[in-house]
Amino acid sequence: MPNLNEARKRKNKTQVIYDALQIPVEMIHYGKNKTYFVKTYGCQGNVIDGQNIEGICEYLGYKKAENYINADLVILNTCAIRETSENHVFGLLGEFKEIKRSHPNMVIGISGCMAQEENVVNKILTKYQHVDFILGTHNIQNLPSVLRDVIFDNNIVVNVSSYEGNVYEGLPSVNSFKAKAFVNVMYGCDKFCTYCIVPYTRGKVRSRKIDDILAEIKDLINQGIQEVTLVGQNVNNYGQDLSEEENFVNLLQKVADTKIKRIRFTTSNPWNFTKEIVDVIKKNENIMPYLHLPIQSGSEEILKKMNRYMKIQSYYDLIDYIKQEIPNVAISTDIIVGFPNETDADWKETLKLVNYVKYDNIYCFIYSKREGTPAAKMVDEITTDTKKQRLDDLNKLVKKYAKQNNEKYLNTIQEILVEGPAKKGSNIYMGYTKQWKVVNFKGNKDDINKLIKVKINKVSQFSLNGIKVDE
Ligand code: 5AD
Ligand code: SF4
């Protein structure tokens with residue numbers, strides 16, 4: 001059983017394990033003529049976990065199903081960051097009760113951050129007994145033996161570890177994007193922001209060795225990948241647990257030196273975002289001018305209660321420096337609305353910040369109480385109506401500045417990496433600019449996975465429209 005209290009501890013040394021995947025004999029080729037379906041929620045870290053889970057399924061011989069209705073193996077790879085996402089999973093689990101009546105051999109599993117929460121696991125074991133296994137975030141490599149125990153011994157299996165975790169290299173992976181890939185550079189988080197469940201569900205900071213990361217990226221380049229996103233909960237803290245040379249600036253420079261066409265990274269935390277990082281972005285054309293810098297609140301009082309040690313003035317200074325050094329930069333942020341006892345004065349500080357930075361995008365969320373975190377014990381007298389009103393007001397500003405920022409691109413020529421049709425079967429295709437703006441244009445399937453030039457002829461708050469140019 002998971003235990004959030006145990007997961008809080010930081011005492012063991014990280015091990016790097018290169019041969020973690022062990023296949024019980026019964027499971028070798030077991031998936032032949034069977035199908036799997038993995039549904040992933042949440043952040044890019046969880047997307048990578050989902051890709052590894054798919055990779056292991058395919059290694060066992062399973063083929064990907066079109067949807068979950070008829071799949072032999074269904075895994076919900078969950079997110080615990082907000083209650084809404086958890087409720088969605090419970091809703092789906094309710095549906096599976098019915099589906100399993102007509103497909104009694106379907107195997108259903110839960111992985112991801114919800115698997116690390118004891119209240120969730122208790123609820124599943126008592127109310128959702130059609131779930132066959134629960135696989136923790138540190139235990140993906142155990143999937144084959146968990147499946148063995150479910151299928152051959154008819155057990156309900158909970159395979160979850162509540163410890164700070166190791167680094168597992170070389171797990172198989174399925175990347176459904178053909179031109180881009182996410183690459184983990186570090187796992188876990190040691191920041192313990194008071195509202196956040198992640199340091200408990202994902203363990204301590206463990207950085208991958210720089211050579212392992214570079215080897216993976218070189219491999220991806222050989223496969224035709226044009227864009228990598230370096231992923232970690234606080235990517236700019238990369239290497240804090242390694243040698244001095246293994247730091248984020250050196251990592252970025254070495255990845256840029258591979259000459260891959262596009263490099264992105266997420267998520268940065270603003271209080272360890274140094275001028276050296278800005279400089280390395282400025283120096284390398286293949287590091288994209290798009291930064292996601294979550295602030296959460298414009299009020300220093302609230303930031304303190306969130307355990308986010310940043311002077312708000314230094315955030316303003318950082319933004320000024322970034323815009324001065326990288327004039328074509330796009331910036332986005334995360335804001336939590338209605339943290340316990342956020343006053344009107346606190347909220348005005350947030351609006352002031354938003355009006356100053358004029359973000360390209362803001363991911364705003366109403367605060368969600370997470371059992372086991374310090375903020376869950378804080379008294380909260382802010383009404384739901386007030387929180388909803390604040391979210392509405394913020395959303396209006398988000399749209400206004402998104403549109404204003406997008407207008408800068410009207411009549412300019414932009415390079416985009418094309419992903420595919422904007423809507424299935426249409427001749428309108430879409431891709432992303434360097435600044436992570438969606439561009440729709442009239443194209444054809446030969447454009448997919450290519451870097452092409454478009455002239456922007458129309459903009460809205462959400463996206464740009466363009467025409468292909470030969471330049
Ligand atoms: N409630 C609401 N939003 C949250 N986030 C993290 N924890 C919570 C919570 N308890 C948001 C933060 C973070 C993003 C990934 O999710 O804004 O940056
Ligand atoms: Fe959560 Fe804060 Fe860590 Fe981000 S930095 S994962 S918000 S604890």
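Just so it is clear, the values below take in all heavy atoms, side chains as well, and ignore hydrogens, waters and symmetry mates. Since this is a predicted model, take the numbers as computed values, not measurements. Just follow the structure's listing: the first ligand is 1, and inside any ligand the first atom is 1.
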May I ask you to decide whether [X] forms a salt bridge with [Y], counting only side-chain N to carboxylate O separations under 4.0 Å?
X    : Y    : result
R208 : E169 : yes
D241 : R10  : no
E164 : K11  : no
E407 : K403 : yes
R262 : E227 : yes
D393 : K388 : no

Which of the numbered atoms in ligand 1 are under 4.0 angstrom from any heavy atom belonging to [X]?
X    : value
Y367 : 1 (N), 2 (C)
D334 : 13 (C), 14 (C), 15 (C), 17 (O), 18 (O)
Q296 : 12 (C), 13 (C), 17 (O), 18 (O)
R370 : 10 (N)

If you have a sec, work out which protein heavy atom is nearest [atom] and how many Å separate them, to one decimal?
atom                   : answer
atom 1 (N) of ligand 1 : S368 N, 2.9 Å
atom 7 (S) of ligand 2 : Y195 OH, 3.2 Å
atom 8 (S) of ligand 2 : C193 N, 3.3 Å
atom 7 (N) of ligand 1 : Y195 CD1, 3.3 Å

### Message
Heavy atoms only, cut-off 4.0 Å: how does P199 contact ligand 2, side chain, backbone, both, or neither?
### Response
side chain
#### Entry: Within reach of ligand 2, part of N234 (heavy-atom separation under 4.0 Å)
side chain
#### Entry: Aromatic ring proximity, centroids under 6.0 angstrom, Y200 and F192
yes
Examine the proximity of ligand 1 to [X] and report which part, side chain or backbone, both or neither, has a heavy atom under 4.0 Å away.
X    : answer
I81  : both
R82  : side chain
I366 : backbone

### Query
Does even one non-hydrogen atom of V198 get within less than 4.0 Å of ligand 1?
no
### Query
Measuring from the heavy atoms of R308, does anything fall under 4.0 Å of ligand 2?
yes
### Query
N269: heavy atom below 4.0 Å from ligand 2, yes or no?
no
With a distance cut-off below 6.0 Å to the six-membered ring centre and an angular limit of 45° from the axis, does [X] pair with [Y] as a cation-pi contact?
X    : Y    : answer
R370 : Y195 : no
K39  : Y41  : yes
K437 : Y409 : no
K275 : Y321 : yes

### Is_contact(atom 4 (Fe) of ligand 2), protein non-hydrogen, under 4.0 Å
no
### Task
On the 0 to 90° scale, with breaks at 30° and 60°, tag the Y432-W436 ring pair as parallel, tilted or perpendicular.
parallel
### Message
To the nearest 0.5 Å, what is the distance between CG on N307 and OG1 on T194?
### Response
6.5 Å
What atoms in ligand 2 come closer than 4.0 Å to a heavy atom of [X]?
X    : answer
Q233 : 6 (S)
C196 : 1 (Fe), 6 (S), 7 (S), 8 (S)
V198 : 6 (S)

### Query
Of all the atoms in C189, is at least one N, O or S atom closer to atom 1 (Fe) of ligand 2 than 2.8 Å?
no
